[in-house]
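Reviewing the structure listed below.
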Amino acid sequence: MRCRGCGYSLWNVPGRTCPECGRGFRPSEFRFKPNAVEFCCAGCGQQYYGTDQDGLPQPRAFACVRCGGACELDSMVLRAAPGVDDADVAADEVPWADRARIGWWKAYRGTVGMALSRPVAVGKALADRSESGAAMRFVLVNGAISFGPTALGVLAVVVGVMVFDRSSSGYGGGMVWSSATAAGWAVVWIALLSLGLGLGAAVLAGIAWCTIRVTGGRAGWSRVWCACAYGTAPYVLLAVPFLGPYCLGWAAGIWTLVATGIVLAAATREASWRIVAAMVAPVVLVGVLVAAAVSIVVMTTGGLPSPAPVPVTAPADADPGTDPVGAGAVDASAAPDAGGAP
Ligand SMILES: [Zn+2]
Ligand SMILES: [Zn+2]
């Protein structure tokens, strides 16, 4: 347990401020591995283990078995349990936050696995520490890994077809694209797809955050954004070339919404109904926008034929008044001219 201001060790500190920098702290702000920390009665020093899933004593307040005094979590003195190394005390973190030490690939795999199997743990870790920049990098990497294989596959097919075209039409089978051009296209394509995933997560986070705030919630932006970013982990299903995007897109999308909701709930501790609203609102909004776009398209395509009948009736109206001769010969397209000329 280290001070969040200066990193000073807060073991065996009876006061509630950091001896080094003076920053206040409460044991309930921390999470530990279960049974890794001893909580000692402030009156007599009797130890109790932190046994619940956050490594804290359960119940939080009780009467000391030795001295009978009131023990309350935030009044107790903490230290690592006997035989537990100081470095092994901390509860789960999102592995991505540790990528500088363990390497980005291991951190990526660990984070995806954690988000798929233990989204609550991801949310709790984000409640402790949510870094928007790291979350953004995770989405972009996730987008590249999820969409990359199919993008490369499609590109390979395109290049293959072009080579085949050339060889079959007698140009000698030379590569149409140099390998550098093909690689360039691959990079651009994958970058656009991964930016697309990032944009999608940002839109989801924006609408979810607005929904939470409008309904009276207090969740901060960075936690909501991080939850939506790490919630995109199920998109890794799309990494199966070709099959993924065409068969698993819906599954990945729905799983992402569910996982994001669970992470968000644990990260922000907002009421369940507000979390559900925050996840449903983007779907409804996107549905409404799609419906609006479709109806606009229908209206404009439905509106296109309507100018045609107008000239047909226009000559009929114009004929009796102005031009009795040309009516039979003049087409509908020429009618506006006939009307405008005299
Ligand atoms: Zn400090
Ligand atoms: Zn006691």
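All ligand and atom numbering here is 1-based and tracks the order in the structure.
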Check your understanding: Where does the angle between the aromatic ring planes of Trp11 and Phe32 fall among parallel (under 30°), tilted (30 to 60°) and perpendicular (over 60°)?
Key -> tilted

Exercise for review: With the Zn ion (ligand 1) at the centre, find the angle made by SG from Cys3 and SG from Cys6, to 10°.
Suggested key: 110°

Check your understanding: Backbone or side chain, does Cys71 get an N/O/S atom under 2.8 Å to the Zn ion (ligand 2)?
Key -> no

Review point. What about the rings of Phe39 and Tyr49, do their centers lie closer together than 6.0 Å?
Key: no

Practice item. Angle at the Zn ion (ligand 1): provide the value between SG of Cys21 and SG of Cys18, rounding to 10 degrees. Key: 110°

Check your understanding: Think Arg4 forms a cation-pi with Phe30, using NZ or CZ under 6.0 Å from the six-ring centre and within 45 degrees of its axis?
Key -> yes

Check your understanding: Between Trp104 and Tyr108, what is the ring plane arrangement, given parallel below 30°, perpendicular above 60°, and tilted in between?
Key -> tilted

Revision key, fill the gap. For SG in Cys67 and SG in Cys44, the angle at the Zn ion (ligand 2) (nearest 10°) is 110°

